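Below, chain A is the first sequence line, B the second, and so on; all start at residue 1. Since the structure is predicted, the reported quantities are computational estimates derived from the model, not experimental observations.
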There are 4 protein chains.
Amino acid sequence: MKELSQENLTAVIQARPQDSHKGTFGRSVLIGGNETYGGAIIMSAEACVKAGCGLTSVITAEKNHTALHVRLPEAMVLDWTISQAFSDLIDTADVILIGPGLGLTTHSQQILAKVLQQQQSSQWLVIDGSAITLFAQNNYSLNYPKQVVFTPHQMEWQRLSGLEIIEQTVANNQAIQKQLGATIILKSHRTEIYTASSHYRNPLGTPAMATGGMGDTLAGMITGFLAQFQDKEAALCAAVYLHSFIGEALGKEKYVVLPTEISKNLPYYMKQAEEKR
Amino acid sequence: MKELSQENLTAVIQARPQDSHKGTFGRSVLIGGNETYGGAIIMSAEACVKAGCGLTSVITAEKNHTALHVRLPEAMVLDWTISQAFSDLIDTADVILIGPGLGLTTHSQQILAKVLQQQQSSQWLVIDGSAITLFAQNNYSLNYPKQVVFTPHQMEWQRLSGLEIIEQTVANNQAIQKQLGATIILKSHRTEIYTASSHYRNPLGTPAMATGGMGDTLAGMITGFLAQFQDKEAALCAAVYLHSFIGEALGKEKYVVLPTEISKNLPYYMKQAEEKR
Amino acid sequence: MKELSQENLTAVIQARPQDSHKGTFGRSVLIGGNETYGGAIIMSAEACVKAGCGLTSVITAEKNHTALHVRLPEAMVLDWTISQAFSDLIDTADVILIGPGLGLTTHSQQILAKVLQQQQSSQWLVIDGSAITLFAQNNYSLNYPKQVVFTPHQMEWQRLSGLEIIEQTVANNQAIQKQLGATIILKSHRTEIYTASSHYRNPLGTPAMATGGMGDTLAGMITGFLAQFQDKEAALCAAVYLHSFIGEALGKEKYVVLPTEISKNLPYYMKQAEEKR
Amino acid sequence: MKELSQENLTAVIQARPQDSHKGTFGRSVLIGGNETYGGAIIMSAEACVKAGCGLTSVITAEKNHTALHVRLPEAMVLDWTISQAFSDLIDTADVILIGPGLGLTTHSQQILAKVLQQQQSSQWLVIDGSAITLFAQNNYSLNYPKQVVFTPHQMEWQRLSGLEIIEQTVANNQAIQKQLGATIILKSHRTEIYTASSHYRNPLGTPAMATGGMGDTLAGMITGFLAQFQDKEAALCAAVYLHSFIGEALGKEKYVVLPTEISKNLPYYMKQAEEKR
C-alpha cells in the first residue's frame with residue numbers, strides 16, 4: 001500500500017509547455033444529468049474545466065443546458081438523445097465521463113450501453129455514480145478495461161463487486177479489481193485506488209466535505225486530469241489527493257465545504273503544486 | 001424565559017465525526033416555490049445546504065428548476081406535481097420543510113394535505129409561510145406534533161392561534177402551543193421559541209435584516225440544523241440565534257443585509273462557533 | 001439652483017428604527033422588460049432591493065423570470081399579461097416603477113395606460129425609459145402628478161417636453177415641469193432635478209458610467225428610496241447623488257463601471273452615509 | 001515586424017471625455033451562439049461590455065437568451081431568426097461581430113451572407129470562428145474589406161488563405177492579406193496582426209490560457225475596442241496585447257485562466273493602462 005502525498009501532486013502538475021494550444025490539454029465529453037440530478041453533471045463540468053481540460057463538452061438532458069451555460073459558458077452542450085451528433089461528439093473525446101446524475105431509467109441504460117460499445121482504444125472512460133449501478137445490474141463488459149476507471153462509493157462497490165461493505169478488504173478488493181481489469185477509485189472518508197499493480201490510500205479528507213456533489217466534483221477532476229496529463233495512473237493519484245487537499249484547506253475556515261468551491265479553487269492550488277516542484 | 005446566547009451555538013455546532021459521509025448529516029426535502037414566489041424556496045435551499053445538510057432535495061414548480069440549478073447545483077430538484085416520485089422522495093427525508101413560496105391555491109393545499117398525511121414518526125416537519133395560513137384555514141391536524149415546527153410571523157400566528165397581535169402574550173402563546181403540541185418559532189424583531197417545556201427569546205436582530213426572504217432563509221437553516229444535529233430543541237435555538245447573529249455582523253458594514261448573504265456566510269460562522277467551544 | 005452634496009445623503013440615510021419589519025421599508029412593483037430588453041428591469045430590481053426596499057415585485061415578460069430569480073431570488077415575479085393578478089399586485093405597491101425595457105409595442109402602451117389609470121392617491125409612480133416615450137406619444141395625463149417622477153435622458157425629455165436639446169435651459173425646463181406637475185430627473189453627465197419648488201444639480205458623475213443600463217439602475221434606486229424614506233424630494237436627491245457617488249468611487253479603480261456593480265455596492269455606501277451623520 | 005508592447009495600450013486607452021454618454025462609446029452587435037455553442041457568444045458579449053462598449057446587443061439562438069441575461073443583464077438580446085428586427089438592429093451597429101459559436105449549418109450560412117451583404121461603409125465587421133470557415137467554403141466577398149477584421153486560428157487561416165500551417169510564413173500571410181484587403185489577426189501562442197501596411201507580433205501569452213473560449217473573449221474585446229476607440233489599427237493592437245497581458249498576470253496565480261476571468265478583470269487593467277500614460 002502506498003500512501004498518497006504532496007509528491008503525487010508535484011509529480012504530475014508541472015509547468016505547461018510554452019508552445020501549446022487548447023488541443024494540447026485534451027478533449028473531454030461528460031455524460032449525465034437527468035431531469036432531477038442536473039446539478040451533478042454541472043458540478044463535474046466545472047471541475048473538469050477548472051482542472052485545466054482544453055475542451056469540455058457536456059451531454060445532458062436539455063432541461064439542464066441553460067443552467068450549465070450560466071455557470072460555465074466555457075463548456076459546450078448537447079442534448080442527451082442518442083443521435084448521430086451524440087456519437088460524433090463522443091468520437092472526438094480523449095476522455096469520456098459517464099454517470100453523474102445519469103439516473104437509472106431505460107434511457108440512462110441505453111446511453112451507457114452505447115458509450116461502452118463505442119469506446120475506442122485511444123479513449124479513457126470514467127464510470128461514476130448511477131452508471132456503476134447500471135453496469136452492475138446489466139452485467140455489461142468493457143472493451144478496453146485498462147482504460148476504464150470506476151469511481152464507486154462503498155454501496156456502489158458492493159453492487160459492482162458483490163462484496164458487502166464489511167467484506168471490502170484490501171485483498172478482496174484487489175481480487176475483484178483483477179477480474180474487472182479496470183482501475184477502481186473506492187470513495188470513503190479515506191479513499192483508496194486499486195490498479196493492476198498498485199494500491200494507494202488517501203490520508204486526507206475532512207467531514208466538512210460530507211455533502212452531496214463531492215463525488216461529482218471528484219469525477220470531473222479525474223476527467224480533466226486524464227485529459228491533460230500523460231501518466232494516467234499518476235494523474236488519478238494526483239486528482240484524488242488534490243480533491244481532499246483543497247477540501248481540508250477550505251475546511252479550516254468553513255464548517256461545510258461545497259463541491260463547487262473545490263472547483264473554484266482548483267486553479268490556485270494547481271499553481272501552488274507547480275511551484276512546489 | 002431563557003435568552004438565547006452564544007452558548008446555544010457552541011452547544012450544538014461541534015466538530016464533525018471523522019468517519020462520516022453525506023448520509024451522516026441528514027436528508028432534507030424542501031417543498032414550495034410557485035410561479036410567483038420561486039425565489040423563496042431557492043433561498044431556503046441555499047440556507048439548508050450551506051448550513052451543512054448532507055443531501056438537499058427541492059420540490060417546486062418546474063419553472064423554478066433552472067434558477068435553482070444555477071444558484072445551487074448541489075441540490076436535487078423535482079416537479080411539484082403530486083406523483084409517485086413526489087411521495088417516494090418525501091419518504092427519504094429526515095426533515096421536510098413545506099411553505100416558502102408555496103402559495104394559497106388548491107394545488108398548494110393538496111400538497112400540504114399530502115405531506116401532513118404522509119409524515120412518518122421518524123421525520124421532522126417544518127411548516128412555514130403560506131403553509132401556515134393553509135393549515136389554519138383548513139383546520140388540519142398533525143400526526144406527530146412533537147416533531148413539527150411552525151415558523152409564523154405575527155400575522156401568520158394570528159391566523160394559526162386565533163390571537164390578535166395585541167393578544168400574543170407569552171401566556172397566551174404558551175397556551176396555544178400546548179394545544180398544538182408543536183414547537184412554535186414566532187418571528188418578529190425579537191424572535192421567540194415556544195416548546196412544550198421552554199420559552200426562549202432571541203436578543204439579536206437588526207433592522208438591516210428587514211427585507212423579503214429573511215424568513216425563507218431562516219426556515220432553510222432550521223431544516224439543515226434539524227437534519228444534522230441530534231438534539232432538536234437545541235438545534236432550533238442555535239439556528240434562530242445564528243441567523244440573527246450573522247445578520248448583525250453583516251449589518252455593521254451594510255445598511256441592508258440580503259437573505260442570500262446570510263446563507264453565503266453560514267459556513268464561516270459555523271466554523272467560528274465550532275472553534276469557540 | 002442647489003448643488004447636491006454629501007449632506008443630501010446624510011439627511012436621508014439614517015439609522016433604521018429597531019422595531020421594524022419588511023413592511024416598514026415599503027413595497028415596490030417594477031414593470032418592464034420585454035423579450036429584448038429583459039436585462040433592464042432586472043437591473044432596476046437589483047438596485048431597488050439593494051437600496052433597501054422591504055418587498056420588491058417585478059412584472060415582466062415570462063421569458064425574463066428565470067434570469068431574474070437567478071440574479072435576485074429576493075424579488076417576486078409576475079407575468080406582464082394584464083390580468084386580475086396584475087391589478088391586484090399594483091394595488092399593493094407603495095411605489096410603482098414603469099419603463100425599463102418596456103418597449104414601444106401596443107402591449108407596452110396598454111400596460112402604461114393601465115398603470116396610469118390605476119395609480120392611487122397614496123402611491124408614487126416613477127416613469128422611465130420607453131414609458132416616457134409612450135407617455136409623450138399618446139398625450140397621456142396623470143391622476144396624481146405631485147406623486148409622479150419622470151426620469152428622462154435628454155432625447156426622452158425632448159419627446160416629453162417638446163424642447164429640442166439645445167432649448168433645454170433651466171428656465172424652459174422649469175416651465176414644462178410646472179405644466180406637467182411632476183418631478184423631472186433629467187439625466188445627463190450632470191443630472192438635474194426639477195420639482196415644483198426647487199432645481200437641483202448633481203456635480204458628480206464620471207464617463208466610466210457611460211454604459212447601457214445605468215439609467216435602469218438609477219430608476220431602481222429611486223424606487224427603493226421612495227419606498228423606504230418619508231421625505232420624498234429628499235429621497236430623490238439622495239438617490240441621484242449616491243448613484244454618481246458610487247460610480248465615481250468605483251471609477252477610480254475601473255475604466256468602466258457596470259450598472260450592476262453600482263447596485264452591488266449600495267449597501268456599503270448607504271451604511272457609510274448612515275455613519276457619517 | 002513590430003512587437004506589441006505596453007505602449008500599444010497607453011496609446012489607445014486614455015482618459016474618457018467628461019461630457020460623454022453611452023452613445024459616445026459605440027454600439028456593437030454580436031452574432032453567434034447556436035444550440036451547442038451558446039457559451040461562445042456569451043463570452044464574447046462579456047468581453048465587449050467589460051471592455052467599455054457603450055451599448056452591446058447580442059443576436060443568438062433563443063435558447064441562449066436566459067443564460068446571457070443572467071450573466072450580463074447589461075446586454076440586449078434578439079433571436080437569430082432573420083427578420084426585419086434582425087436587419088434593423090444590425091443597421092444600428094458601429095461594429096458587428098459574427099462567428100463565435102455560429103456553427104456551420106445552412107442557417108448559420110444565411111446569417112453570414114445577410115451580414116456581409118448588409119454591411120455599410122460606416123460599419124466595422126469582425127469575422128471570427130465558424131464564420132471564417134463558412135466564408136472560406138462559400139467564397140464570399142467583402143463590401144468594405146478595409147473595415148473587416150478576420151480573427152482565425154491557424155486551421156481557420158488554412159481554410160481562408162489556402163496556406164497549410166507549415167506554409168504560413170510572414171511573406172505568404174502578407175500576400176494573402178493583400179488579396180483579402182482585410183486585417184488578419186492570426187491567433188497562436190504568439191498571435192500576429194497583418195494589416196495593409198504593417199505586421200505586428202504579440203510577445204505575450206501563456207499556456208494557462210490554452211482553454212476553450214479564449215478566442216471568443218478576444219473577439220469580444222476587439223469588438224468593444226473598435227466601438228469606442230477612433231484609431232482602429234491601434235485599437236486592434238491594444239486588444240490583442242491586453243488580452244494576453246491579463247492572461248499572463250492572472251496566470252501567475254492560477255494554473256488555468258478561464259476566459260471569463262479575463263473579461264472580469266478588463267476594467268481594472270484598462271484603468272491601469274490609462275494611469276500609466
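- Of the listed residues (B:I13, B:T56, B:L78), the greatest number of heavy-atom pairs within a distance under 4.5 Å of chain A belongs to B:I13.
- Contacts between residues 262-275 of chain B and chain A, defined by a heavy-atom separation under 4.5 Å, are made by B:P267, B:Y268, B:M270, B:K271, B:E274, B:E275.
- Ranking A:A40, A:G205, A:P259 against chain B, the residue ahead of the rest is A:P259, based on heavy-atom pairs under 4.5 Å.
- Counting heavy-atom pairs closer than 4.5 Å to chain A, the top residue among B:S57, B:G23, B:S20, B:A51 is B:S20.
- Interface remark: of the candidates A:P207, A:A67, A:G39, A:P207 forms the most heavy-atom pairs closer than 4.5 Å to chain B.
- Expressed to the nearest 0.5 Å, how far CD1 of B:I222 lies from OG of B:S28 amounts to 12.0 Å.
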*Please test B:F245 against B:Q6 for side chain to side chain contact (heavy atoms under 4.5 Å, CB included), starting from the C-alpha separation and ending with a verdict.*
CA-CA 9 Å; B:F245 183 83; B:Q6 189 71 32; 3.6 Å; yes

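- Interface remark: A:N64 contributes side-chain atoms only to the contact with chain B (heavy atom separation under 4.5 Å).
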*Step by step, would you call B:H65 with A:E35 a side chain to side chain contact (heavy atoms under 4.5 Å, CB included)?*
CA-CA 9 Å; B:H65 291 200; A:E35 306 262 319; over 6 Å; no

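- There is no contact between A:Q154 and chain B, counting heavy-atom distances below 4.5 Å.
- A:V256 approaches B:V49 most closely through the heavy-atom pair CG1-O, 4.3 Å.
- Going from atom CE of A:M214 over to atom NE2 of A:H153 covers 14.5 Å, rounded to the nearest 0.5 Å.
- The ring of B:Y200 has its center no closer than 6.0 angstrom to the ring center of B:Y241.
- A:M43 CE to A:L30 CG: the interatomic distance, rounded to the nearest 0.5 Å, is 12.5 Å.
- Contacts between B:H69 and chain A at a heavy-atom distance below 4.5 Å involve backbone atoms as well as side-chain atoms.
- When heavy atoms are compared at a cutoff of 4.5 Å, B:T24 does not approach chain A at all.
- In this structure, the portion of B:Q14 lying under 4.5 Å from any heavy atom of chain A is its backbone and not its side chain.
- For the salt bridge (charged side-chain N to carboxylate O under 4.0 Å, His left out) condition, the pairs that include at least one residue of residues 54-73 of chain B, sequence neighbours left out, are B:E46-B:R71.
- Rounded to the nearest 0.5 Å, atoms CG (B:L4) and OG1 (B:T191) are 9.5 Å apart.
- For the atom pair A:S130 OG and A:E156 CD, the distance stands at 7.5 Å (nearest 0.5 Å).
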